[in-house]
Amino acid sequence: MSTPESSHSSNFIRDLVAIDRAAGKHGGRVVTRFPPEPNGYLHIGHAKAIALNFGIAQDTPGGMCHLRFDDTNPTTEDPEYVQAIQEDVRWLGFDWRGKMFYASDYFDQLDAFAVILIRKGKAYVDSLTADEIREHRGTLTEPGRDSPFRTRSIEDNLDLFARMRAGEFADGVHVLRAKIDMGSPNINLRDPILYRIRHASHYRTGTAWCIYPSYDFAHPLSDAIEGITHSLCTLEFEDHRPLYDWVVAETGAPHRPQQIEFARLNLTSTVMSKRKLLELVEKKLVTGWDDPRLPTLKGLRRRGVTPEAIRAFCEHIGVAKRDAIIEMQLLEHFIREDLNKRSPRVMAVLRPLKVVIDNYPESVVEELDAVNNPENASAGTRKVPFSRTLYIEQDDFREDPPKQFYRLAPGREVRLRYGYIIKCVSATKDPQTGAITELHCTYDVETRSGFVQEQRKVKATIHWVSAPHATQAAIRLYHPLLLPDQAKLPADQDWTRSLNPQSLELLSGCVVEPSLRSAAPGSRFQFERQGYFCVDPDSSSETLVFNRTVSLKDAWAKIEKTQQAPQR
RNA sequence: UGGGGGAUCGUCUAGCGGUAGGACGCCGGCCUUUGGAGCCGGCUACCUAGGUUCGAUUCCUAGUCCCCCAGCCA
């Protein structure tokens, strides 16, 4: 039973669902739901919930997963978000198969359920102020006290609730509360609020209503109305579960869903809370909700991350009840793994250093054959122009090469990818700054790529771009949003102080091979030896703009780092 | 000090009374016209203390530590 029969690894929720199904609970049906409030954009934490809910439905014969907008708070919600959320869920590769709902569609039914509760004496209109209600609620260690209005007659409650609904009262004057137990050790059971007055226009129902149900009332009933069998949510709702069950039972709702909680996703070196994301956007600390530094799905998409990578990540991290913080490197691993298989390779020089091949004829241009993707032979080959002057990466030359540096240095040889072995003859320096401005090299005509007669080995192969054929580009490199080891600032301190001021690195004057000239926004490439990049929508016909999705693993960077770190 | 949850390699995660497995990461090697990819090998983990049992990560007891809850947010 617990052996995985699909591509999905199991987890305790899948196990519970399988057990219920085997036992014929809910008639053997499995219906889950993803219930966002349309008050913000989705992020990778939501992706975990989406993958879980839709994944279970997908893997269960006859299983369904609904998309439901929990839009019970008119003051925070916006249709822009309902659109964006649908796009994001679809982009991730999931399909609600027409089962898209809104809690606001249930306002009539919810209202009727509230009346049922009032009639049963299980709900009452409270006329305490918000402050008074808080005072009566007690504390974590002290029980609450009954409101003086708790004993109102059913008739009065019915009348008052009708007048609340009719708009006779201002915001906050009355509230409908469940009559449960003000002494409960579970604060959620101390007569929770079911309805509040809000004279606000709802983006879907307009001004038809001026009372709105709370989450604790609307959510379980929405689940029940839709016939949800397994209502999956995050851990912080664990002690709402008794209330969830109470609402479903006391209203006599026709169906009893089961709430199951799991730990939300946390990732290192980024922020996931709605509040912090919003703050970053509003204070213009990032460029918008789709800033590629953000873990929003829009941001990840713009950065070049694929939905396949996100799904693989979600699958791998599992679902459990213990709080966990997943290392960003794990996400990066799945991004690289996916991009490695699918990305065409091209050559691009991020920080160009001009190279003149002194013994190469000036007027000649050769078209060299380059492999598009060594992981995928069917991707074929392309021609890359080679000429006497070209650009290589500044990092690929060292005037005074350290140990284990295999690249170019005075008197040293290196292979130009798909081309010749060249030897560095001299380096020209800026007399002012001492910076290397130009390299002079010679090439060995015998060593052209593909010529078999000579099998000379060199330690390194470097990428390059022919100078006269180069296409200009701007490239954006992204670094962690947060400074390392700053995750735990004192709570009273401004968290934005832990932001990495260098999270965005803008490179201009980059050069890329000419095959990229007309690359479309969104297209992804591996820049050989550098990383995975995608064309940003900011690209224009004049300037190509690339985002680095993720770097390639860099063995030399590691060596260099350990060389610099003195032994202890 | 109320209630609800949770503790397994550095980080995630499996385990359901019978040699603690996998992934990421890290270290080393092989291979390589990407210091990429791939391949091979290695890496001080069951919170503590008792108990039950032939045998405990698993069951029991008592602790310890961590997370959540006092919105008319979700």
Side-chain angles (χ1 to χ4, degrees), chain A residues 2 9-11 15 35-37 39-40 70-73 75-77 126 128-130 133-135 137-144 171-177 184-190 192-198 211-212 214-216 218-219 233-242 261 263 268 274 313 316-334 336-337 340-341 345 347 371 374-375 404-407 414-419 421 447 449-450 457-463 526-531 551-560:
Chain A
S2 60
S9 51
S10 197
N11 58 57
D15 291 346
E37 183 187 16
N39 69 346
D70 255 358
D71 52 356
T72 56
N73 185 353
T75 60
T76 57
E77 296 149 8
D126 196 356
L128 254 23
T129 65
I133 286 177
R134 189 179 331 111
E135 285 160 24
R137 187 150 34 222
T139 68
L140 294 180
T141 51
E142 303 158 26
D171 289 6
V173 172
H174 302 293
V175 89
L176 184 74
R177 290 232 247 171
S184 172
N186 180 348
I187 291 182
N188 295 294
L189 262 21
R190 320 241 261 231
I193 281 149
L194 269 20
Y195 266 92
R196 71 277 207 191
I197 300 172
R198 278 260 211 293
I211 57 172
Y212 291 92
S214 64
Y215 166 87
D216 281 316
H219 197 88
C233 64
T234 43
L235 253 26
E236 67 268 29
F237 294 107
E238 231 159 0
D239 34 63
H240 291 240
R241 193 185 336 127
E261 309 85 8
T268 58
K274 202 165 269 183
F313 170 74
H316 183 89
I317 58 175
V319 178
K321 294 198 74 159
R322 66 186 88 97
D323 298 304
I325 304 175
I326 286 154
E327 291 174 342
M328 192 57 93
Q329 294 160 118
L330 187 63
L331 210 211
E332 292 179 348
H333 163 78
F334 285 101
R336 287 192 188 98
E337 187 176 68
N340 176 49
K341 284 180 290 187
R345 317 284 133 126
M347 292 197 286
V371 173
E375 303 289 319
Q404 295 184 76
F405 184 84
Y406 301 148
R407 283 110 93 147
V414 89
R415 174 176 286 281
L416 294 177
R417 181 85 159 144
Y418 307 121
I421 291 176
T447 58
S449 186
K457 296 280 182 192
V458 285
K459 283 231 165 173
T461 298
I462 65 172
H463 61 279
Q526 184 197 94
F527 290 180
E528 291 209 41
R529 303 207 303 134
Q530 310 262 18
S551 67
L552 244 27
K553 286 203 252 176
D554 188 347
W556 165 244
K558 233 173 229 176
I559 294 166
E560 197 176 28

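Just so it is clear: chains get the letters A, B, ... in the order the sequence lines come, proteins before strands, and each one is counted from 1. Only a predicted model underlies this, so the values are computations on that prediction, with no experimental measurement involved.
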Between [M] and [N] - [atom1] atom distance, rounded Å:
{"N": "B:rA70", "M": "B:rA14", "atom1": "P", "result": "29 Å"}
{"N": "B:rU58", "M": "B:rG42", "atom1": "P", "result": "28 Å"}
{"N": "B:rC68", "M": "B:rC26", "atom1": "C1'", "result": "34 Å"}

Nearest-nucleotide pick for A:Ile133, side chain only, options being B:rA74, B:rC69, B:rC72
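Nearest to the side-chain atoms of A:Ile133, counting from C-beta on, is B:rC72.
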Listed partners of A:Glu135 passing salt bridge (charged side-chain N to carboxylate O under 4.0 Å, His left out), at least two apart:
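Expected list: none.
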Those residues that, when tested against A:Asp70, pass salt bridge (charged side-chain N to carboxylate O under 4.0 Å, His left out) (two or more places apart)
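Checked A:Asp70 against salt bridge (charged side-chain N to carboxylate O under 4.0 Å, His left out); matches are A:Arg68.
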Are OP1 or OP2 of [N] and a side-chain N or O of [X] less than 4.0 angstrom apart?
{"X": "A:Arg134", "N": "B:rG71", "answer": "yes"}
{"X": "A:Arg177", "N": "B:rG71", "answer": "no"}
{"X": "A:Arg196", "N": "B:rC73", "answer": "yes"}
{"X": "A:Thr72", "N": "B:rA74", "answer": "yes"}
{"X": "A:Lys274", "N": "B:rC73", "answer": "no"}
{"X": "A:Arg137", "N": "B:rG71", "answer": "yes"}

What is the nucleic acid contact for [X], judged by heavy atoms within less than 4.0 Å: base, sugar-phosphate only, or nothing?
{"X": "A:Leu128", "answer": "base"}
{"X": "A:Ala263", "answer": "nothing"}
{"X": "A:His240", "answer": "base"}

Could you tell me whether a side-chain N or O of A:Arg345 sits under 3.5 Å from a main-chain N or O of A:Glu528, the two making a donor and an acceptor?
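It does not hold such a pair.
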So, the side chain of A:Thr268 versus the backbone of A:Met328: is there a donor-acceptor pair under 3.5 Å, distance only?
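Side chain of A:Thr268 to backbone of A:Met328: a pair is present.
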First encountered from the 5' end of RNA chain B, between A:Asp70 and A:Glu236:
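This one resolves to A:Glu236.
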Using the side-chain contact (heavy atoms from CB on, under 4.5 Å) criterion, which residues pair with A:Thr141? Sequence neighbours excluded.
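Partners of A:Thr141 by the side-chain contact (heavy atoms from CB on, under 4.5 Å) criterion, ordered by chain and then number, come out as A:Thr139.
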Distance-only donor-acceptor check, side chains A:Asp239 and A:Asn188, under 3.5 Å:
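On atom types as modelled, these side chains qualify, holding a pair under 3.5 Å.
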Side chains of A:Arg407 and A:Trp556: does their closest heavy-atom pair fall under 4.5 Å?
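Side-chain contact under 4.5 Å: yes.
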Got A:Ile462 and A:Leu416 here, is their nearest side-chain heavy-atom distance under 4.5 Å?
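Touching, per the 4.5 Å side-chain cut-off.
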Its dot-bracket string being built from Watson-Crick and G-U pairs below 3.5 Å, with | for another strand and [ ] for crossing, RNA chain B has the pattern .((((((..((((....[..))))((((((.......))))))...(((((..]....))))))))))).....
Sugar-phosphate means primed atoms, P, OP1 and OP2; the rest is base. With that split, encode nucleotides 29-39 of chain B 5' to 3' as B, S or - using protein heavy atoms under 4.0 Å.
----BBBBS--
Counting primed atoms plus P, OP1 and OP2 as sugar-phosphate and everything else as base, spell out the protein contacts along nucleotides 6-12 of chain B at 4.0 Å heavy-atom distance: B, S or - for each nucleotide, 5' to 3'.
SSB-BSS
